[in-house]
Amino acid sequence: MVEMMNVEKYYDNGLKALEHVAVQIDQGEFVYLVGSSGAGKSTLAKLLYREEEATNGHIEVGHFNVTKMHPRQIPMLRRFVGVVYQDFKLLPRLTIYENIAYAMEVIGKRPREIKRRVSEVLELVNLSSKAKMFPNEISGGEQQRVAIARAIVNTPGILIADEPTGNLDPETSMEIMNLLETINHQGTTVIMATHNNHIVNSRPHRVIQIENGMIVRDQERGAYAYDN
Ligand code: ADP
């Protein structure tokens, strides 16, 4: 599902953000990417949906050869990889329903299918009753659930969540974890960057730890003792 071989990333200012990165992730896995701030977690995530390009090495995501693909193919890759951010990134002038529907409209889905699927994902994230509200009228946890609904509405093979609980209190964070685990159980591969050791320790999954741009640990159902 994801394969990274000998990946290096230098930013334009010469900073080496990743080196010798080799990772293999199978379909249906739930993987935490952990590590200190600045370790390279976001950079690794961004390489997978071609927000950033690897300087060297080889990356495959699903059937996409990400390191060799033509820029014309990037929109196809982005349909296969749903992304959720720490700060939600909802469109403030669109309702909850419209925020989610928009992700289907831009890829030309038919109105009837949009209506059916958006209702389905609103139900999954338990927000059907708030469909007509705007992002600033709902809580942070609810906004993150909308962002997750938007990320999965086109049934991606992979969901990448970059610090999805970074702005949320512990209880709300657990609700988000429940939702991500439900989505994972439905077959979507989940890759979640976090430095929340409480979550990692209480919801065990595979842990890949990055420090200074290098993978220093890759462990099935690992714990995470890093103290934030
Ligand atoms: P993390 O997600 O683990 O906090 P990042 O992947 O964001 O780490 O950053 C890894 C390193 O790359 C850091 O030193 C950061 O300052 C640097 N970096 C991130 N984005 C850029 C960029 N666009 N230009 C230059 N350096 C960057």
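Order of listing sets the numbers, starting from 1, for every ligand and every atom in it.
- Within the 3.5 Å criterion, the main-chain N or O of Gly28 finds a donor-acceptor partner in the side chain of Asn184.
- The residues Arg116 and Glu120 are annotated as salt-bridged, a charged nitrogen and a carboxylate oxygen being separated by less than 4.0 angstrom.
- Annotation for ligand 1: atoms under 4.0 Å from non-hydrogen atoms of Ala17 are 12 (O).
- Distance from atom 19 (C) of ligand 1 to its nearest protein heavy atom, with residue and atom name: Tyr11 CE1, 3.4 Å.
- At least one heavy atom of Gly38 sits under 4.0 Å from some atom of ligand 1.
- The atoms of ligand 1 that sit less than 4.0 Å from any heavy atom of Ser36 are 3 (O).
- Around CD of Gln219, the count of heavy atoms belonging to other residues, nucleotides or ligands within 6.0 Å exceeds 12.
- Between the choices Lys41, Glu163, Lys16, Gln86, the shortest heavy-atom distance to atom 3 (O) of ligand 1 belongs to Lys41.
- Residue Asn56 qualifies as enclosed at atom CG: its count of foreign heavy atoms under 6.0 Å is above 12.
- Applying the 4.0 Å criterion to heavy atoms of Ser42 picks out, from ligand 1, the atoms 1 (P), 2 (O), 6 (O), 7 (O).
- A distance-only check finds a donor-acceptor pair linking the side chain of Thr67 to the backbone of Ile59 [under 3.5 Å].
- Atom 16 (O) of ligand 1 is never approached by the protein to below 4.0 angstrom, counting heavy atoms only.
- Remark: side-chain polar atoms of Glu142 are paired, donor with acceptor, to backbone N or O of Ser139 under 3.5 angstrom.
- Protein heavy atoms are found less than 4.0 angstrom from atom 13 (C) of ligand 1.
- No donor-acceptor distance shorter than 3.5 angstrom exists from the side chain of Arg206 to the backbone of Val31, with no hydrogens or angles considered.
- Heavy-atom neighbours of Asn13 CG from other residues, nucleotides or ligands within 6.0 Å: above the threshold of 12.
- Contact atoms of ligand 1 toward Asn13: 25 (C), 26 (N) (distance under 4.0 Å to a heavy atom of the residue).
- Against a heavy-atom cut-off of under 4.0 Å, Thr43 is close to the following atoms of ligand 1: 5 (P), 6 (O), 9 (O), 10 (C).
- Ala45 does not count as a contact of ligand 1, since none of its heavy atoms falls under 4.0 Å from the ligand.
- Residue Ala193 does not touch ligand 1, judged by heavy-atom distances below 4.0 Å.
- For the residue pair Glu52 / Thr43, no side-chain donor-acceptor distance below 3.5 Å is found, with atom types taken as modelled.
- Atoms of ligand 1 lying under 4.0 Å from any heavy atom of Ser37, numbered from 1 in the order shown and given with element: 4 (O).
- Listed by number with element, the atoms of ligand 1 under 4.0 angstrom from any heavy atom of Ala39 are 1 (P), 3 (O), 8 (O).
- Annotation: atom 8 (O) of ligand 1 to nearest protein heavy atom, Gly40 N, 3.1 Å.
- Residue contacts with ligand 1 for Leu15 involve side-chain atoms from C-beta outward but no N, CA, C or O (heavy atoms, distance under 4.0 Å).
- Under the 30°/60° scheme for interplanar angles, the aromatic rings of Phe80 and Phe64 are found to be tilted.
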